[in-house]
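Right, one structure below, let's go through it.
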Amino acid sequence: MSATAPAVPATKSVTPERIMQFAWGYIPTLMLEAAVRHRVFDVLDSGPKTLKETAAVTGASERGLRAVMNAMVGLDFLAKEGDRYALTPESSAFLVSTKPSFQGGILRHTSEQLIPKWLKLNEIVATGKPVAAVNQEGAGSEFFSEFVADIFPMSYPAAQALGAHLALGDAGAPVRVLDLAAGSGVWGIGVAQSSKRVTVTAVDWPEVLPITKKMVGRFGLSDRFSFVAGDLDAADFGKGHNVATLGHILHSEGETRSRSLLKKTFDALAPGGTIAIQEFLVNPDRTGPIVSLLFAGNMLVNTDHGDTYSFEEISAWLKEAGFTNPRLIDAPGPSPLILATRP
């Protein structure tokens, strides 16, 4: 009997295809922004239209819309049959600005607010310092006052999930919620909607709070909110809160400020109180998830000391501050929510 030679595994072909895709990777984002800014998805929400019809309603040029809309077809954000363009289920759900599920708000800031800073990345990598830090009051106030309302839909489902998880109900004593760096007020709004017992103290820079108040009013919750103007380092958080929310805040603060903030939040909670944190969590080895790794680059570009962190790191900081039982709960968003308890 002759021996059979082991099969040699086929060598996977290596091509430059991915590199070429990344070389042009900025184009889909900018074309998607152009489609949002020129209301392509809003206009098509009423039904399929030709290029000429879309141009007439939007006021944009046919030449410009042809390039953008055909690219949207290639990216599966639009469908095309004959000479008529239509929404896909994905664009209908998330790119029509009049719908609560709209996720295109952040795209409106891509070319004018986000990309210009990324163009300085080589310099930033060399120095380790941002060209302008948005986590500092001043420039940061201007940035976030324009930004926070548009990113409300990104966190609203998670805020609603937090409210459902807390299961506060409508019977019993008042529940005091501390919404830190409140921005659009999305976290306080989500929890307040879950229970009539909830009142919210929203803390943010004075330039941002008018946006917070406007969003709270839009949801009919103004009588259940109070507002504290100031930086997180200096603002008076008060005492005796039952819940504190930190939605996408630690990544811009950096480790030192985050650890101090968690201790200050601990002191503001009543015994038995809960802190809820949402972040772009990385795994302990920092090998994924890719969105969180890329977001760490966003913190490099936009903050003095910001970064993305693992659940293990944040858990250690929470315990250092005095919290017990750091835990994860599933919620819509880039990562699960982190909860911990003040004993």
Side-chain angles (χ1 to χ4, degrees), residues 17-18 20-115 118 146-161 183-184 186 189-190 215 218-219 247-248 278 280 289-292 294-295 298 330-335:
E17 177 64 23
R18 286 200 328 130
M20 291 300 99
Q21 289 177 355
F22 288 134
W24 297 100
Y26 58 92
I27 295 177
T29 303
L30 290 172
M31 294 191 98
L32 189 54
E33 178 193 5
V36 169
R37 280 180 171 266
H38 289 285
R39 301 186 299 113
V40 168
F41 304 107
D42 290 357
V43 169
L44 294 179
D45 189 44
S46 62
K49 290 179 176 59
T50 65
L51 173 66
K52 186 178 289 292
E53 289 169 339
T54 307
V57 178
T58 63
S61 71
E62 289 188 28
R63 180 178 184 236
L65 287 179
R66 181 183 295 109
V68 167
M69 292 172 72
N70 285 341
M72 294 301 101
V73 173
L75 293 168
D76 293 326
F77 289 121
L78 292 181
K80 187 177 182 183
E81 185 172 342
D83 63 350
R84 300 179 75 79
Y85 296 84
L87 299 180
T88 62
E90 185 179 21
S91 58
S92 177
F94 301 118
L95 291 174
V96 177
S97 68
T98 55
K99 295 182 178 180
S101 55
F102 178 60
Q103 296 290 326
I106 191 171
L107 291 163
R108 291 197 280 238
H109 301 271
T110 300
S111 63
E112 295 180 10
Q113 286 183 280
L114 301 178
I115 285 182
W118 275 91
E146 297 176 3
F147 198 61
V148 292
D150 276 336
I151 60 174
F152 181 98
M154 296 175 62
S155 293
Y156 186 48
Q160 291 177 302
S184 64
V186 61
I189 289 169
M215 292 297 291
R218 187 178 300 174
F219 282 85
H248 292 300
Q278 188 170 57
F280 288 82
I290 184 59
V291 170
S292 298
L294 294 175
F295 197 80
N298 196 44
D330 287 334
S335 301

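The two atoms that bring G104 and V36 nearest to each other are O-CG1, 4.1 Å, heavy atoms only. Shortest non-hydrogen contact noted between H109 and G105 is CD2-O, 3.3 Å. For the pair T88 and F77, the tightest heavy-atom approach, listed with the atom from each and the gap, is OG1-O, 3.4 Å. Taking both residues in full, the closest heavy atoms of G333 and Q278 are given as CA-NE2, 4.0 Å, listed atom of the first, atom of the second, then distance. Annotation for H38 and A60: closest pair ND1-CB, 3.8 Å, computed over non-hydrogen atoms. Nearest approach of M215 to S184, heavy atoms of both residues: CB-O, 3.2 Å.
The OH atom of Y85 sits 8.5 Å away from atom CG of L78, with the distance rounded to the nearest 0.5 Å. Distance check: I106 CD1 to D150 CG gives 9.0 Å after rounding to the nearest 0.5 Å. Atom-to-atom distance recorded for I27:CD1 and L32:CG is 13.5 Å, nearest 0.5 angstrom. Note: N298 CG to F280 CZ = 8.5 Å, rounded to the nearest 0.5 Å. To the nearest 0.5 Å, atom OG1 of residue T54 and atom CZ of residue R66 are 11.5 Å apart. Here the straight-line distance linking atom OG1 of T110 with atom OH of Y26 works out to 15.0 Å at 0.5 Å rounding.
T29 places none of its side-chain heavy atoms less than 4.5 Å from the side chain of I115. Side chains of L65 and T58 form a contact here, defined as non-hydrogen atoms less than 4.5 Å apart. Two residues are said to be in side-chain contact when any heavy atoms from C-beta on lie closer than 4.5 Å; P332 and Q160 fail this criterion.
The salt bridge (charged side-chain N to carboxylate O under 4.0 Å, His left out) search around E112 returns R37, not counting sequence neighbours.
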Practice item. Using the side-chain contact (heavy atoms from CB on, under 4.5 Å) rule, take M72 and V40 through it: C-alpha gap first, then chi angles, then the decisive distance, then the call. Key: CA-CA 10 Å; M72 294 301 101; V40 168; 5.8 Å; no
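Listed for the Q103 side chain is a donor-acceptor partner under 3.5 Å among the backbone atoms of P153. No donor-acceptor distance shorter than 3.5 angstrom exists from the side chain of S91 to the backbone of L87, with no hydrogens or angles considered. Side-chain atoms of E33 come within 3.5 Å of backbone atoms of S111 as a donor-acceptor pair (strictly under, hydrogens ignored).
Residue pairs meeting the salt bridge (Lys or Arg N to Asp or Glu O under 4.0 Å) criterion with at least one partner in residues 70-86, sequence neighbours excluded, are E53-R84.
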Taking only distance into account, with no hydrogens and no angle test, what donor-acceptor pairs under 3.5 Å do side-chain atoms of residues 92-101 form with protein atoms, sequence neighbours excluded?
unit_1	atom_1	unit_2	atom_2	d
S92	OG	K99	NZ	3.0
S97	OG	D42	OD1	3.3
S97	OG	D42	OD2	2.6
K99	NZ	D45	OD1	3.4
K99	NZ	S92	O	2.9
S101	OG	A93	O	2.3

